Amino acid sequence: MADSIRLVDRQGREERAVTQGGFEAALEGLQAVRGRTQWINQQVSAGKLALDPEVAEKAAKRVEEEIQELAVLMRDARQLGRVTGLGTYPDG
């Protein structure tokens with residue numbers, strides 16, 4: 001059974017639980033992507049697969065956009081660990 005993390009609101013009422021199983025599923029998905037990427041790289045190396053340069057450029061641009069979006073999400077996730085807005089009370 002997957003462990004869960006209990007999320008509560010400001011009054012201590014449970015809002016939902018997040019299971020670590022979701023992370024396990026994400027890992028499995030990433031491993032599947034890694035396998036497909038390796039296969040594609042092998043096909044390219046063997047000369048069996050080619051990509052139109054314009055398509056490659058568009059794909060690279062989209063990857064850069066996704067990287068930027070991920071950086072914002074990571075920054076926001078880090079900020080979840082910082083409590084602010086407590087007035088004159090120290091937050092740590």
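None of the values given here were measured: they were computed from a predicted structure.
Heavy-atom neighbours of Glu69 CD from other residues, nucleotides or ligands within 6.0 Å: above the threshold of 12.
Scanning for side chain to side chain contact (heavy atoms under 4.5 Å, CB included) contacts around Gln43 gives Trp39, Lys48, Leu49, with sequence neighbours left out.
Residues Arg62 and Glu66 are paired through a salt bridge, judged by an N-O separation under 4.0 Å between the basic side chain and the carboxylate.
Applying the side chain to side chain contact (heavy atoms under 4.5 Å, CB included) test between Val72 and each of Met74, Gln68, Arg75 identifies Arg75 as the sole match.
Within the model, atoms CG of Leu51 and NZ of Lys58 stand 11.5 Å from one another, a figure rounded to the nearest 0.5 Å.
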